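As the structure is a computational prediction, the values presented were derived from the model and not from experiment. So that the names make sense, note that chain A is the first sequence line, chain B the second, and so on, each numbered from 1.
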Amino acid sequence: MIVKESKELIIRIGGEGGEGIISAGEFITQAAVRSGLHVLTFKTFPAEIKGGYAMYQLRVSNDPLTSQGDNFDVMVAFNGEAYEMNKSLLREGTVFVYDGPGGDFEPDNLPGVYMYPVPMTKISKGDLGSIRAKNMVALGAVAQLFSIPMEQLRETIQHKFRKRGADVVEMNLKALDMGAFYVQNELKKTDPYSLHTNGAGIEDVLILSGNEAVAAAALAAGCRYYAAYPITPATEIANWLARYLPKVNGVLLQEEDEIASIASAIGASYAGVKAMTATSGPGLSLMTELLGLAGMTEIPLVVVDVQRAGPSTGMPTKHEQSDLFLAAHGGHGDIPRIVLAPGSVEDCFYLIIKAFNLAEKYQVPVLFLSDTSLGIRTQGIKKPNLKGIQLVNRLTLSENGDGNGGKPFQRYEITESGVSPMSIPGQVGGAYIATGLEHDESSAPIYSQAGHSRMTEKRFRKLARLEEDDFPSVSREGDDPADLGIISWGSTHGSVQEALARLRSAGYKVAALYPHLLFPVPAIAIERFAERVPSKRILVPEVNYQGQFADLISAHTSVKPIKHTIYGGLPFNPEMIVNKVKEVLQK
Amino acid sequence: MIVKESKELIIRIGGEGGEGIISAGEFITQAAVRSGLHVLTFKTFPAEIKGGYAMYQLRVSNDPLTSQGDNFDVMVAFNGEAYEMNKSLLREGTVFVYDGPGGDFEPDNLPGVYMYPVPMTKISKGDLGSIRAKNMVALGAVAQLFSIPMEQLRETIQHKFRKRGADVVEMNLKALDMGAFYVQNELKKTDPYSLHTNGAGIEDVLILSGNEAVAAAALAAGCRYYAAYPITPATEIANWLARYLPKVNGVLLQEEDEIASIASAIGASYAGVKAMTATSGPGLSLMTELLGLAGMTEIPLVVVDVQRAGPSTGMPTKHEQSDLFLAAHGGHGDIPRIVLAPGSVEDCFYLIIKAFNLAEKYQVPVLFLSDTSLGIRTQGIKKPNLKGIQLVNRLTLSENGDGNGGKPFQRYEITESGVSPMSIPGQVGGAYIATGLEHDESSAPIYSQAGHSRMTEKRFRKLARLEEDDFPSVSREGDDPADLGIISWGSTHGSVQEALARLRSAGYKVAALYPHLLFPVPAIAIERFAERVPSKRILVPEVNYQGQFADLISAHTSVKPIKHTIYGGLPFNPEMIVNKVKEVLQK
Amino acid sequence: MNAQAAASVALKPKDYKSDVHPTWCPGCGDFGVLSALYQAMAQLGLDLYKTVVVSGIGCSSRLPFFVKTYGFHGCHGRALPAALGIKVARPDLSVIVTGGDGDGFSIGAGHVPHVARKNIDITYVVMNNRIYGLTKGQVSPTSSLGFVATTTPFGSQEEPVDPVAFSIIYGATFVARGFSAERNHLADLIARGVRHKGFSIIDVVSPCPVFNKDDTYDYYKPLVKKIDATHDPSHKGRALELAMSTNTDGKVPIGVYYEVQAPTLGDRLEALKKAHKGSDTPDLDAVLDTFRV
Amino acid sequence: MNAQAAASVALKPKDYKSDVHPTWCPGCGDFGVLSALYQAMAQLGLDLYKTVVVSGIGCSSRLPFFVKTYGFHGCHGRALPAALGIKVARPDLSVIVTGGDGDGFSIGAGHVPHVARKNIDITYVVMNNRIYGLTKGQVSPTSSLGFVATTTPFGSQEEPVDPVAFSIIYGATFVARGFSAERNHLADLIARGVRHKGFSIIDVVSPCPVFNKDDTYDYYKPLVKKIDATHDPSHKGRALELAMSTNTDGKVPIGVYYEVQAPTLGDRLEALKKAHKGSDTPDLDAVLDTFRV
Ligand SMILES: Cc1ncc(C[n+]2csc(CCOP(=O)(O)OP(=O)(O)O)c2C)c(N)n1
Ligand SMILES: Cc1ncc(C[n+]2csc(CCOP(=O)(O)OP(=O)(O)O)c2C)c(N)n1
Ligand code: SF4
Ligand code: SF4
Ligand SMILES: [Mg+2]
Ligand SMILES: [Mg+2]
């Protein structure tokens, strides 16, 4: 068979957690980025530390990428479990590279699959004397098979291991070479995949995960206090910030639980320092009482929830978008709050800055719903221009100690916008009590009908113009008018984008809306979008059982979406959406 | 003026917490019940222990009562604060009995109000030598003024104080008499109110509060484990159960917080004992993580939330119905659960039994949304016939150790109904691990797409036929067809009932639906109800800002309700609903 | 705690009093604690605007409303972590935490050890009435075994916790007990606690005459005794022994049980910032460059 | 704990082993704890169906899956209250709680004192690796000051907590420390703990070789020493002294620190039921009559 150049390639590496799957994948990713390609990765970790199935998939392309794609082109299996997990996906035309002979399994006869046995274990254990070199042997083989630039690979390996000494570098490079040699000498390439770069990747590129983007952008947003309790898959945010906060005179505290974490973040923000906490579902559940305190005391706060599969402990390393109800409706009483969701790694960066800005502008808690797939996905993005970023600071009492335009300072002054001036300790004339009790303008407790009514209205008035003022143009794409509209949120965004392109090139008239604001529901944008879909067929794909965003849309707009829910711990791929759209349009 | 017999009378007594307002009110209540009247009370406590405004209102009538009424006929003010709080309600035709001369205030000239100054403080302090007799003096005066049966009053007072000795009884009776004499000798009755009983009250009557009804019925439902953390206004449930649980070999634990409380209740239920916890908003917020555990492990559990005004600490002694979003949507992930709300004291009794039955039948957490107004309201109900009450027990493995119909026992067997057999420790062959991790049928952890999908579907399948099977006939009242429909929940029910009667006798064509099941939303009943309202004008009155039930209805049915929300810490009265209906119908 | 320079004009105790009238019942022990606090604040010359009084929920937790400084009245049981955030974010502020035995040692029980072991420079005044006041009389974690209250009509079934012994074991570096009837003594303890650099806790016997008819002023007066001058507060073992003695001889020693100097969390965080050349105008662009391949 | 009559057929340690293969990493200390537990269970002759092993979340909290009895694997930090509910509801069951240092003394910190002081008759085995294993290596409350982990790249800033000293002060009536490498000794401690009537806790040194490279078997082996036979475990002061000595001489004493007899919560609740003529077929109708006027 003639080897053609592939415009893009999806490689999946699977094996046991701890076998170096992740680092093998990361080397390819970095080498690809270095050679001017777009990259988007997709990972699965076992819930256990050792002994479970781990997977690293990378998609490289000469064109910008928004999703992990439908299926891999190449599967590399380190062990039998990885083979079993992926067997059904080894369809005609895919490539299977596996540990053999001498591995722990023998694959079946897979019709139409290009099979490349590479004795990874044997080479590393036997020839190199250490099973730890297995991933490098595999890497060498893969690089050789699919023309992954060897020079770039060697550089990244050298860079990675330089601190561990020349011996380690040598050993790894040797393993890489042995994998490559084995392919060169023992195998004959029969598949059509071979990577070529046109060098038109992202200029001035950074490569980072969604979690890292959130962490780094929080610093840029002015966050100087971070308190959290470890939880998968949010801990990476803390890991990154722990290293950088001291450099910006900020502080990170790992606290005894999520309740203490959010309580101390509220304390820090009350004291005038921009504060954040990050968690996943179980932690957010625990935080709901304190979320109400932030809403009631009108203390700015950013809470990141990197959603995972629930309910309860669920599947801690798996993907889901099922905390939206909690974010929008969790907590007793009527709590004003803003819920945002990023759709890409780039969004993680810019939207978390917006989250801090909105928290300060409106003095509300802002919930930022990331998800597993996005949090641990790495992607190349153009390096942000920090100078261009506008930061919002809270409305505070003036230096003469007065509040809004000359009026005497009252912390909870009833204003037209609902936003009141907010002092911080140290400001003369600004003393007040931040209290979870209902209070009057001065912050003294009240129990009257009129008082509670007016204050409730004031707190919600802050959000009345949120959509118009802060999300005037919700990102929309596709045909106008369209036969079907798709509204998506979170990382589902990327698969919808790709599905849309495919559908449109197949002649379907479809459009998509990608709101970053989930709650209050951006009703204006949704109504406007639905107006341009005369059939009123609005599909809302989301990774949860109940169709949570669809229900919120139903409640707050005239649109009755068609729910498209999956709940298996994995994100959507574009094909699922393409198929669903076709199915709906056929009806 | 001629004194007519009144078919009903509303008396409000207001003063400082600790002045004996509550006991004065209770004496009248009991005397009225004894003399064959219907009674419904309405109370407000200060959030502070001493020093705030307390109010006890009782409505007595020869007809059955469902709400506290619109306004009082008679206001009794113990102090100036009570006067200030109620001044705007002292409208033409009402009666004002107050502490004077010699009290701490002088009322304004109130046109059309019948004014009766009674020197309560002076008589009690001066003549009786103790300010503590003030409430009895007031009581005597009120009884004399409005023909409250003195004999019955004397009896209840004797009964109440008998344990404290003859002196105390004497002293109180003397104060009562002095109040009555003062009226007889010094005042001239000018108002038209005078209570007469036709003796047609409830037969075999019990008088109890909503909280007491929940507590007593929990015993009848088989609850033998109760764990909670004190919180207003739910503590009364614990207070009652603490006295009675030992008698039924049950246990009550006051735990260190709400999280421990729900965790231990889940543990007790896992172990085979019917368990309950009760709390108010802040506590329910803290419980959300564990609620998800109960949902995931499919352990039956009843959680009572006596809602109060939020968010955060809010107004702890005030009324609100704002925890519905939390109850229906709180907690991360997709959690199966049932949310019920009682509409009357009688409902508190029968519906909590249903809550236990549903928890066992479906192996889900059942949230029971009571509210402040209902929890602390006392009302006469016909004594329940306990023999007529059916209890449901959980589907368990058989004595031969098998599961469903001869199949080997698998705790999470995928069944058509979604309900699986559930063993309890001690049962041979029933060992399994109750786990919050996603699991297979045997309870072993799984992480597969198919596994999570199937289990999620199984858990929600349990609720698919809930409405049809367990709430086949949602209570409906009024015209058919109607020009406007009202859907109400919780204690708002009673005011809607009364409003409906008034509207219909004024010629309006209106109907009302009173669902006890709030979530999953009883869509069949609501659709059916709305079909009979051709105008599609469906009003949902509720005491919260967002219109929480209205939003759930919008999300789950084709109905777009007209929201009617109030959020001042007080319940609806019938007049508000009458006015709103008229307003809507005029449009 | 030397967070503040002394205020320019000397303030009197009454200058710390807010316009809000205390909502406590007549005879409530918390009045004594509040007066002592005013007195201590004046003694320390705390700046009204650089002081934050933090609390949770409870009768005692209402205290911040009665003080003229900044205040934070948060959720039940979460006063300590909120105070931690305030102090870590703003080391220049003086942070005093007040609240009840239930707020601190029941629902808040999980936070005390973790805030104590950080040795964060705040002062925690526990108003211990051995009852839940605000919710109208349930057992608190400090109620004695057999204590009758609304949810324990037949007596409490648990041994009480001891805030003093717990705090010593937790790593608090200043642990004292006061009595609300001994106002000057208590004011002095609070002032010492605030001056102490590190986590200081003062467990104050503060009767609730309304709901706890056992542990009244009358009950305590003959039992309370000032800690002997011979007691060495720097010795942990001795301090614990003294704390545990209450259970045996029934006496209630007041004064400083334990006091040692140790680095505070603030010290450690400052050192960390310094070691990493912490800057208020950092080069974030360079930080982003760490994401280049 | 005498909840059960001995099983009719003597079971061997392996009979307590479930079909689920432990998910722990090779070299994990928890294997030793699990073996010791099987051994103790066999020694006690626990009935498979009348025993519940309860845990929270963490590597160590996976243990119930590897035991053939009933199990409860709940939420992070809530193992003790869940176990409390099980035991109070069903005094006839043997309840053993297992979990990690983080599960127990960080997020679960608020529950330990309250379950301990109830002296409920359950046994709590803490697998203390001084790290968060399952979340891949963060400081735990027992990590030493300066310990470097993912969220503390420049070292932990807090003094560690000591489960043994805490438990003694909390009112646990049996407090011991074991070492996962000393399997027989540990099995014996667990068996004694289970036999003890009241709340027993065994803090087990159980290294995590993957994420904690400081507190390894090699590190502990020379430090661990059996508690001297002369130690009087019935003396609280001595027990505390011994516990606190670890901090000074670096040695890690294993064995029973503290053991006393005291009424359990179960005893008290049974007495209460008896005093109120508790019945399984109560006259609820008469109860309702108390609501008549
Ligand atoms: C989460 C939550 N649970 C329960 C309550 C109800 N509550 C308010 S104060 C209080 C206890 C008060 O006792 P304590 O802390 O000792 O203060 P005191 O009133 O005795 O001064 C409780 C249980 C609450 N506000 N929030
Ligand atoms: C509410 C909540 N917060 C955080 C987590 C994440 N989490 C799981 S286990 C764990 C700590 C594990 O440490 P430890 O208890 O010491 O057990 P080990 O793994 O070391 O045995 C954490 C933080 C969670 N599952 N739930
Ligand atoms: S109830 Fe007790 S603690 Fe509360 S204010 Fe009154 S006396 Fe003080
Ligand atoms: S990570 Fe550590 S604690 Fe967890 S299983 Fe592996 S060795 Fe054991
Ligand atoms: Mg108290
Ligand atoms: Mg650990």
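A:Q546 touches chain B through backbone and side chain together, each having a heavy atom under 4.5 Å away. Of the two parts of A:L570, only the side chain, counted from C-beta on, holds a non-hydrogen atom closer than 4.5 Å to a non-hydrogen atom of chain B. Contact of A:R459 with chain B is made through the side chain alone, with heavy-atom distances under 4.5 Å. Proximity to chain B (any heavy atom under 4.5 Å) is restricted, for A:S448, to the backbone atoms N, CA, C and O. Heavy atoms closer than 4.5 Å to chain B are found in the backbone of A:T557, but not in its side chain. Heavy atoms of A:I259 lying under 4.5 Å from chain B belong exclusively to its side chain. Neither the backbone nor the side chain of A:P561 comes within contact range of chain B; no heavy atom of the residue lies under 4.5 Å from a heavy atom of that chain.
When side chains are defined from C-beta on, B:H556 counts as touching A:D551, because their heavy atoms get closer than 4.5 Å. Proximity of A:P311 to B:T456: side-chain heavy atoms (C-beta onward) are nowhere separated by under 4.5 Å. Side-chain atoms of A:I566 and B:Q449, non-hydrogen and from C-beta on, never get closer than 4.5 Å to each other. Put simply, the side chain of A:L284 does not reach to within 4.5 Å of the side chain of B:H332, judged on heavy atoms.
From A:Y447, atom OH reaches atom OG1 of B:T44 across 13.0 Å, with rounding to the nearest 0.5 Å. Atom CD1 of residue A:I335 and atom OG of residue B:S285 lie 6.0 Å apart, to the nearest 0.5 angstrom. Atom NE2 of residue B:H452 and atom NZ of residue A:K318 lie 10.0 Å apart, to the nearest 0.5 angstrom. Taking CZ of A:F325 as the start and CG of B:D334 as the end, the distance is 8.0 Å to the nearest 0.5 Å. In this structure, B:L286 CG and A:T288 OG1 are separated by 7.0 Å, a value rounded to the nearest 0.5 Å.
No other option in A:H439, A:M85, A:R454, A:E289 has as many heavy-atom pairs under 4.5 Å with chain B as A:E289. Taking chain B as the reference chain and counting heavy-atom pairs below 4.5 Å, the highest number among A:G330, A:P282, A:S322, A:G281 is found for A:P282. If you tally non-hydrogen atom pairs under 4.5 Å between each of B:G310, B:G331, B:S280 and chain A, the highest count goes to B:G331. Top candidate by heavy-atom pairs under 4.5 Å with chain B, chosen from A:Q548, A:Q321, A:H329, A:R308, is A:H329. Comparing A:T313, A:T435, A:T297 by heavy-atom pairs within less than 4.5 Å of chain B, the highest count is held by A:T313.
For the residue pair B:E457/A:Y545, the side-chain donor-acceptor check at 3.5 Å is not satisfied.
Counting heavy-atom neighbours within 6.0 Å of A:R461 CZ, excluding the residue itself, gives a total above 12.
The two atoms that bring B:S554 and A:A555 nearest to each other are CB-CA, 3.6 Å, heavy atoms only. Across every non-hydrogen atom of B:M296 and A:G314, the tightest pair is CE-CA, 3.9 Å. Taking every heavy atom of both residues into account, B:G292 and A:S312 meet most closely at O-CB, 3.8 Å. Minimum heavy-atom separation, B:L437 to A:P316: CD2-CD, 3.9 Å.
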